[in-house]
Amino acid sequence: MPVPHDVTDLGLAAQGRARIEWSNRAMPVLRSIRERFVAERPFDGVKIAACLHITTETANLVRTLRDGGAEVRLAASNPLSTQDDTAAALVAEYGVSVFARYRTDRATYRGHIDSVLATPPEIVLDDACDLMTALHTDYVDLLPGVRGGCEETTTGVVRLRAMAAAEALRYPVVAVTDSPSKRLFDNRYGTGQSTVDALLRSTNMLLAGATVVVAGFGHCGRGVSERLTGLGAQVVVTEVDPARALDAVLDGYTVLPMAEAAKLGDVFVTVTGNRDVIGPEHLSAMKDGAVLANAGHFDVEIDVAWLAANAVEHHVRVRPNVDEFVLADGRRLLVLAEGRVANLAAAEGHPASVMDISFAVQALTVEWLLARPETRGGAVLEVPREIDQEVARLKLAALGIQIDHLTEPQAAYLTSWDLRV
Ligand SMILES: NC(=O)c1ccc[n+]([C@@H]2O[C@H](COP(=O)([O-])OP(=O)(O)OC[C@H]3O[C@@H](n4cnc5c(N)ncnc54)[C@H](O)[C@@H]3O)[C@@H](O)[C@H]2O)c1
């Protein structure tokens with residue numbers, strides 16, 4: 001009798017299992033944590049509600065929590081990022097309750113979050129705060145039972161900080177995304193490579209010589225810009241933060257306001273976590289054939305609704321994950337994955353080797369949250385430095401890389417203030 005679930009097709013489970021095992025090969029840190037959890041069972045009977053992208057890498061995180069004794073219920077954190085075979089395998093092969101289907105409407109997406117919360121959680125794992133928002137609005141009666149949570153992405157942490165400032169947050173949440181081990185590698189190398197992957201899979205275009213406008217030079221935007229430069233693209237950056245813009249200039253990029261960049265780009269990638277980054281005035285100025293992709297979490301960065309309302313023709317899926325909008329003046333604009341997070345919706349998300357680091361941080365942080373003395377009250381917490389260092393150490397060990405260690409005099413020197421001789 002399968003566990004409670006709502007997935008597209010359980011018949012895809014064998015394929016999903018094979019892909020989950022493939023990712024597992026590139027996740028040595030998570031594997032070593034799982035081995036310890038099997039022996040120690042740190043989560044025996046703990047109920048975990050999770051809202052994450054349903055990818056093979058997430059499946060390996062969930063296996064790790066389950067093998068540590070947790071009962072996990074999982075919903076998707078985006079209606080287009082679910083890998084149906086992975087969801088099927090989690091249910092049929094690993095006994096995890098999953099509520100997620102690829103290409104759901106908003107009501108079903110929300111219904112899946114409700115299904116996860118049908119079991120009151122003690123720990124909540126979120127990727128952009130939809131689950132935690134539901135808890136704090138429609139499930140307030142469950143809040144006293146929640147001991148803590150983890151947030152995986154920048155957009156979610158922005159929302160949680162707003163909740164904490166308004167004194168609305170009711171339990172401690174660790175900003176996993178802010179840990180150096182997550183941010184430096186996942187946001188930068190993961191988003192960088194997988195966004196390029198989405199562009200190539202969807203269009204098979206030549207990026208060498210193309211002008212690509214990257215909106216937002218944060219951790220993700222820097223990664224996207226670096227990978228595109230490596231392929232020979234001319235990268236133009238748009239920013240609103242003067243320091244980040246200066247950083248981009250000194251890295252050698254052209255920096256322009258979007259109103260100027262809009263006229264130049266062959267390709268646009270938004271990755272700001274903000275809304276209305278590409279609006280009607282920009283879309284009206286773009287070249288014929290421009291390709292638009294969003295890699296920020298929500299589909300609010302590119303005004304696809306304006307395109308849909310103003311196009312004289314809308315060709316749905318001229319290639320998988322590519323919609324073509326023909327405007328009255330004859331220009332065609334091509335939008336990837338309906339303006340949703342393209343590297344997950346039109347590719348497979350980050351490589352497993354990068355998610356190994358992020359999800360190892362996540363697994364150890366859940367263990368840390370449960371071992372803390374019970375504290376209620378909302379706050380956004382940092383990942384403890386020891387966890388961050390431990391994950392980096394394990395990853396280096398898995399890669400067979402050794403580093404130097406501080407000598408005693410060096411350690412003393414770095415913690416002294418009176419250096420007179
Ligand atoms: N696609 C993925 O796999 C993935 C992975 C990690 C994070 N994310 C998401 O990507 C987004 C960015 O994450 P990050 O970690 O790089 O955040 P960040 O805060 O480091 O960077 C965002 C940058 O965008 C800039 N910005 C804001 N509004 C802008 C505007 N109107 N025009 C130009 N620039 C603007 C900010 O100044 C900032 O420098 C978030 O939504 C995050 O949740 C996606």
Side-chain angles (χ1 to χ4, degrees), residues 51-55 57-58 77-78 80-81 126-130 151-161 175-199 213-227 236-249 251 253 255-262 265 268-279 281-282 293-303 336-337 339-352 354-355 357-359 361-362:
C51 180
L52 302 168
H53 296 294
I54 314 294
T55 64
E57 295 79 17
T58 299
S77 59
N78 187 293
L80 277 191
S81 65
D126 219 343
D127 190 323
C129 205
D130 281 348
E151 173 52 56
E152 174 70 10
T153 199
T154 317
T155 283
V157 171
V158 168
R159 281 204 208 172
L160 287 163
R161 292 225 160 90
V176 170
T177 189
D178 285 350
S179 75
S181 286
K182 197 273 182 185
R183 216 167 193 183
L184 290 177
F185 310 123
D186 169 320
N187 293 30
R188 184 164 166 190
Y189 298 100
T191 313
Q193 178 169 312
S194 56
T195 301
V196 171
D197 185 5
L199 286 170
V213 178
V214 177
F217 198 69
H219 292 81
C220 295
R222 174 189 288 279
V224 172
S225 302
E226 284 171 346
R227 300 304 111 184
V236 175
V237 168
T238 72
E239 250 300 340
V240 293
D241 179 314
R244 291 265 169 96
L246 190 55
D247 198 11
V249 171
D251 269 358
Y253 300 108
V255 175
L256 291 172
M258 184 56 87
E260 293 303 313
F268 294 81
V269 177
T270 53
V271 65
T272 69
N274 204 351
R275 56 178 295 176
D276 309 333
V277 177
I278 294 184
E281 67 279 27
H282 309 123
N294 168 49
H297 189 87
F298 285 115
D299 58 342
V300 295
E301 305 210 12
I302 303 170
D303 196 344
L336 263 53
R340 294 188 188 278
V341 63
N343 61 322
L344 281 140
E348 287 176 72
H350 300 358
V354 155
M355 294 315 293
I357 303 173
S358 305
F359 284 159
V361 172
Q362 184 102 251

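One is the number of the first residue; the rest follow in order along the sequence. Every number for a ligand or one of its atoms is a count from 1 in the order of the listing.
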Protein residue, atom and distance nearest to [atom], heavy-atom basis:
atom: atom 21 (O) of ligand 1; answer: G218 CA, 3.2 Å
atom: atom 44 (C) of ligand 1; answer: A295 O, 3.3 Å
atom: atom 35 (C) of ligand 1; answer: T272 CG2, 3.5 Å
atom: atom 11 (C) of ligand 1; answer: G273 N, 3.7 Å
atom: atom 13 (O) of ligand 1; answer: T154 OG1, 3.5 Å
atom: atom 10 (O) of ligand 1; answer: G296 CA, 3.6 Å
atom: atom 16 (O) of ligand 1; answer: C220 N, 2.9 Å
atom: atom 18 (P) of ligand 1; answer: R244 NH1, 3.7 Å

Atoms of ligand 1 less than 4.0 Å from [X] heavy atoms?
X: T155; result: 40 (C), 41 (O), 42 (C), 43 (O)
X: T153; result: 6 (C), 7 (C), 8 (N), 9 (C), 42 (C), 43 (O)
X: T238; result: 33 (C), 34 (N)
X: T191; result: 1 (N), 2 (C), 3 (O), 4 (C), 5 (C), 6 (C)
X: V341; result: 1 (N)
X: E239; result: 23 (C), 24 (O), 25 (C), 33 (C), 34 (N), 36 (C), 37 (O), 38 (C), 39 (O)
X: H219; result: 16 (O), 20 (O)
X: D241; result: 37 (O)

Are any of the N/O atoms on [X], whether in the backbone or the side chain, positioned under 3.5 angstrom from an N/O atom of ligand 1?
X: K182; answer: no
X: V271; answer: no
X: N187; answer: yes

Worked verdict on F217 versus V249 for side chain to side chain contact (heavy atoms under 4.5 Å, CB included): CA-CA 10 Å; F217 198 69; V249 171; over 6 Å; no

From the options V354, L344, V240, select the one whose nearest heavy atom is closest to atom 32 (N) of ligand 1.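 The option holding the nearest heavy atom is V240.
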
Contact check, M258 vs ligand 1, heavy-atom distance below 4.0 Å: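 The answer is no, since M258 has no heavy atom less than 4.0 Å from ligand 1.
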
When you measure from the heavy atoms of H350 to every atom of ligand 1, does any distance fall below 4.0 Å?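 So H350 counts as touching ligand 1.
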
Check for a donor-acceptor pair, side chain of [X] on one end and backbone N or O of [Y] on the other, with a separation under 3.5 Å.
X: S179; Y: K182; value: yes
X: D127; Y: E152; value: no
X: T55; Y: T58; value: yes
X: D251; Y: Y253; value: no
X: E301; Y: T272; value: yes

Mind checking whether N274 contacts ligand 1 via backbone (N, CA, C, O), side chain (CB onward), both or neither, at a 4.0 Å heavy-atom cut-off?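 The answer is the side chain of N274.
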
Is it the side chain, the backbone, both or neither of N343 that has a heavy atom closer than 4.0 Å to ligand 1?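 Contact part for N343 vs ligand 1: side chain (C-beta onward).
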
Does the side-chain hydrogen bond (donor to acceptor under 3.5 Å, both in side chains) test come out yes or no for H297 and T155, once each step is laid out? CA-CA 7 Å; H297 189 87; T155 283; 5.9 Å; no

Please step through salt bridge (charged side-chain N to carboxylate O under 4.0 Å, His left out) for the pair D126 and R159, ending with a clear verdict. CA-CA 12 Å; D126 219 343; R159 281 204 208 172; over 6 Å; no

Could you tell me which non-hydrogen atom of D303 sits nearest to which non-hydrogen atom of G279, and how far apart they are?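 Smallest interatomic distance, heavy atoms only, reads CB-CA, 4.2 Å.
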
What do the steps show when you test E260 against V236 for side chain to side chain contact (heavy atoms under 4.5 Å, CB included), and what is the final call? CA-CA 10 Å; E260 293 303 313; V236 175; over 6 Å; no

Can you find a pair of side-chain heavy atoms, one from H350 and one from D186, that are under 4.5 Å apart?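 Result yes, sub-4.5 Å side-chain heavy-atom pair found.
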
With side chains defined as the heavy atoms from C-beta onward, is the minimum distance between E151 and D178 less than 4.5 Å?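 A side-chain contact under 4.5 Å is absent here.
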
Applying side-chain contact (heavy atoms from CB on, under 4.5 Å) between V269 and each of V196, N294, L199, report the one that passes.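 For V269, the side-chain contact (heavy atoms from CB on, under 4.5 Å) test succeeds with only one of V196, N294, L199, which is L199.
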
Would you compute the distance between atom CG of L52 and atom OG of S77 and round it to the nearest 0.5 angstrom?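 Rounded to the nearest 0.5 Å, the CG-OG separation comes to 6.0 Å.
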
